Structures are given as structure tokens and as C-alpha cells.
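Here the structure comes first, spelled out in C-alpha cells, and everything after it is commentary.
Numbers here simply count residues along the sequence, with the first being 1. Just so you know, ligand 1 is whichever comes first in the structure, and atom 1 is the first atom listed for that ligand. Predicted, not measured: the structure shown is a model, and the values here were computed from it.
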Amino acid sequence: MTRHLALAALLLSPSVLAAQADPGDRVILITFDGVRVEEFFGGLDTVVSAREEDSGIYDLERLRRDYWRDTPEARRRAVMPFFWDSLAPRGMVLGNPARGGAVRITNAYGFSAPGYQELLTGRAQPDVTSNDPVRYPHQTVLEYARDRLGLPAHRVALFGSWENFRHYAASREGAVFVNAGYDTLPADLRTPEMRRLTELERRALALWEGSRLDAFTGALGLAWLRHHDPRVLYFAFNDTDDLSHSRRYDRVLDALHALDGFLAELWRTVESLPAYRGRTTLILTTDHGRGHTPRDWTDHGEGVPGSESMWLAVIGPRTPDRGEMPGISATQASVAATLLACLGLSPEDWAGTHAPPVAGACGPR
Ligand SMILES: [Zn+2]
């Protein structure tokens, strides 16, 4: 290396060098916990909002002003304008039951841990029967992708609001980088901004002890993306589930609206970075549905019809620009193989019997 090159290398941060050296595809997986097809595809649902004792809405007039519109398309756009205007046209959106679409979980439980394990391992795992903080022996698509691409752990990263993602991310501790709940970031990998965010998240009290607020999960993961050039980055958000269980329908819609703001910031960041622009696929989905009725929209699990019903969006350079594709059905198990295809890997090489990728979701770039 000549002296000039050595000087240039000193001036560039390691992440910038890595980005220049690595032309591979990036995948960003995003989950919104327990978001129903009703809100995702139709926005404000009058079945829920009709009676205050069912909805828990504090100020219906305000809510209607913000989110009531005459058609389902306009209502969902009021809740998630960036997603529907700017992301959906650049990919495929599956699962709208009003148009005959069906995306379903295949596990028998309809709650979080079985859903995340199905999503990450490519099949329903019958031994995952509780939300306990347990590490399971099933290899996840995250650890497989890291092995296959030969990456350092910090370039396959998961930022989760719920602390249990420490256990659910991989079958072996340390197999991928995880920052979940109120975890501290390693001193050699954090920036002053990340350090400040982890101080603040502890003072911004979320409803439950085991989860931080999604705003911090999003901001930390975005900072990670800018500094560490992950090839696979998973944002696992949680606010929507806590607010639904708390029967605050108004705040569920507000939380979705806030997550849409995060998607806008994420996409601006992707478009601004040469390592990510034109090479990045977003996969957006959920871990389970919830009940359809005014009483049980808050709930989910065995015996609550609707828990099996979910939605899935794949947005990126390998995906046809089609928007809603109601005719294509998919399962939660198909997300893992889809992620591999969007990374440019062949899902068939992953040992074991895994569900195939969503048809046509990620072809050649
Ligand atoms: Zn959940």
C-alpha cells in the first residue's frame, strides 16, 4: 500500500471500506408484532371503534379526524402513507382477505414465540409452546446467512424491542449480533449516539419491563446500519402488541403511524447509502394476527379465530413492482427462504425441509 492509500484508508471508517468492498445484496426484515390484516389493509376498523368499552378510544373525534376516510384504501393510507404511496408500488403486498388473499401462520399457537421461530427457521416448530425466554436448537435463517456469507457477527444484526429476542435470534449464543430489550451495546462497536440512545431508552418507560419502546429500537438499528454495514438487519418491533392487549385502539393506530414514519426514515437512509441503494430488499410482516370481534380484537392465541391471519410485503430490486397481489398466497414459514432468495442465496442449499420462498418474490437482480 502506498503512503497515499494508507492515509486514505485511515480517513475512511472501517464501515465505509467494508461497504465499498462488499457489493452483495442487503435484506432488512421488519416485524410489527400482532398487527391485524384489518388495520394493515383497511386502516380504522368500525367494528372495533363502534363502542368505547370495546375500543378503549380516548378521543374518537380526534381519531376520526386523523384516520377516518371513505374507502379502505384511503383509510390505510391515512395510517401508513409512506408504506402505501412509496414502498408498496416497488414490490409485492400479500394477504388482503377482502380481495381473496391469504397469508397464514402454520404453527398451532398464534402467539409470539412460535411465530418468530416459524418466521426465522422456515417451519413451524412444535417444541415452541410458550413465550418463555428459551434458546431453541433450530438454526435460524439469520445464522445460516451469516455462515454462508462468511460475515463477522455484527454484519448480521437483530434489534428487538422485546428482550426475548436474545434467545430467539439464533440456536447458538453469539451466532449473530443481537441488541434486545435494554441490552447494552459493546463499547468497541457503539458510537456516542448509540450510547446516548441506550441511556434514554431506560428513562422512557414502556408499559412492560421486558420491552423498550420501538422508537429506540428503530433509531439504534438505523445507527447500526450507517456504521456497521449489515448485510442482514432485523428490526423486531413490539408497541402495537402491547397497546392492543391494553385495549387502546387509538394508540394502536398511532403506533402504526409512527412505524410508518420509521419506514420513511429507513428508506431515505437506504437510498442515501451507495452500499444499500438498489441492492436492498425490505421484508415486512408480523408474528400473528388477532381476534376479529369487538371483544377479542385485543387477544390472540389458540381458540381466537383471526390469530392465524397475517400479511407480508416484499419490496426491493429483485421483486416485481406490483403492489397488492391478492392472488398469491403464502405462509409465515415461507419468509425465511424468501429472505435467502432476496440475499441472492439459493434456499435449496439450506439443509432440512424448509418451506419454499414466496413465488416470484425475489428473482435475479
Ligand atoms: Zn406477538
Side-chain angles (χ1 to χ4, degrees), residues 29-40 48 56 95 103-121 123-136 138 140 142 158-169 178 180-181 206-218 221 234-249 251-256 258-259 262 283-293 296-313 330-333 335-336:
L29 172 65
I30 302 160
T31 49
F32 297 167
D33 198 301
V35 168
R36 307 191 311 161
V37 287
E38 283 90 334
E39 283 73 39
F40 190 79
V48 171
V103 181
R104 303 202 176 283
I105 65 171
T106 64
N107 70 77
Y109 301 104
F111 60 87
S112 287
Y116 291 119
Q117 283 291 304
E118 177 174 343
L119 197 75
L120 291 174
T121 67
R123 69 187 99 165
Q125 301 289 0
D127 59 336
V128 184
T129 60
S130 78
N131 275 345
D132 292 346
V134 174
R135 191 176 300 281
Y136 295 97
H138 318 298
T140 67
L142 305 177
L158 184 159
F159 283 76
S161 296
W162 187 24
E163 63 186 7
N164 283 14
F165 277 99
R166 282 173 209 150
H167 309 282
Y168 303 156
V178 182
L207 193 62
W208 294 97
E209 297 90 323
S211 295
R212 67 178 160 207
L213 292 171
D214 287 344
F216 294 98
T217 303
Y234 177 14
F235 290 93
F237 293 115
N238 181 68
D239 290 351
T240 45
D241 192 66
D242 285 353
L243 291 163
S244 298
H245 284 298
S246 306
R247 203 174 283 277
R248 279 299 301 269
Y249 191 64
R251 299 303 270 165
V252 172
L253 296 184
D254 291 340
L256 265 178
L259 287 166
F262 164 79
I283 300 177
L284 186 65
T285 188
T286 188
D287 56 335
H288 54 78
R290 333 184 71 84
H292 295 302
T293 73
D296 73 3
W297 71 270
T298 56
D299 202 6
H300 57 90
E302 281 176 278
V304 182
S307 305
E308 73 292 343
S309 195
M310 54 180 281
W311 46 270
L312 172 65
T331 64
Q332 189 168 48
V335 172

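- The Zn ion (ligand 1) has no N, O or S atom of Asn238 under 2.8 Å away, backbone or side chain.
- Separation of the Phe262 and Phe235 ring centroids falls under the 6.0 Å cut-off.
- For a distance bound of 2.8 Å, the N, O or S atoms of His288 include one lying that close to the Zn ion (ligand 1).
- Side chains of Thr31 and Tyr234: a donor-acceptor N/O pair is present below 3.5 angstrom, by distance only.
- Sorting the N, O or S atoms of Asp33 by how far they are from the Zn ion (ligand 1) puts OD1 first.
- When only modelled atom types and interatomic distance are considered, Ser161 and Asp239 share no side-chain donor-acceptor pair under 3.5 Å.
- The atom of Asp287 that is an N, O or S and sits closest to the Zn ion (ligand 1) is OD2.
- With no hydrogens or angles considered, no side-chain donor-acceptor pair links Thr285 and Gln332 at under 3.5 Å.
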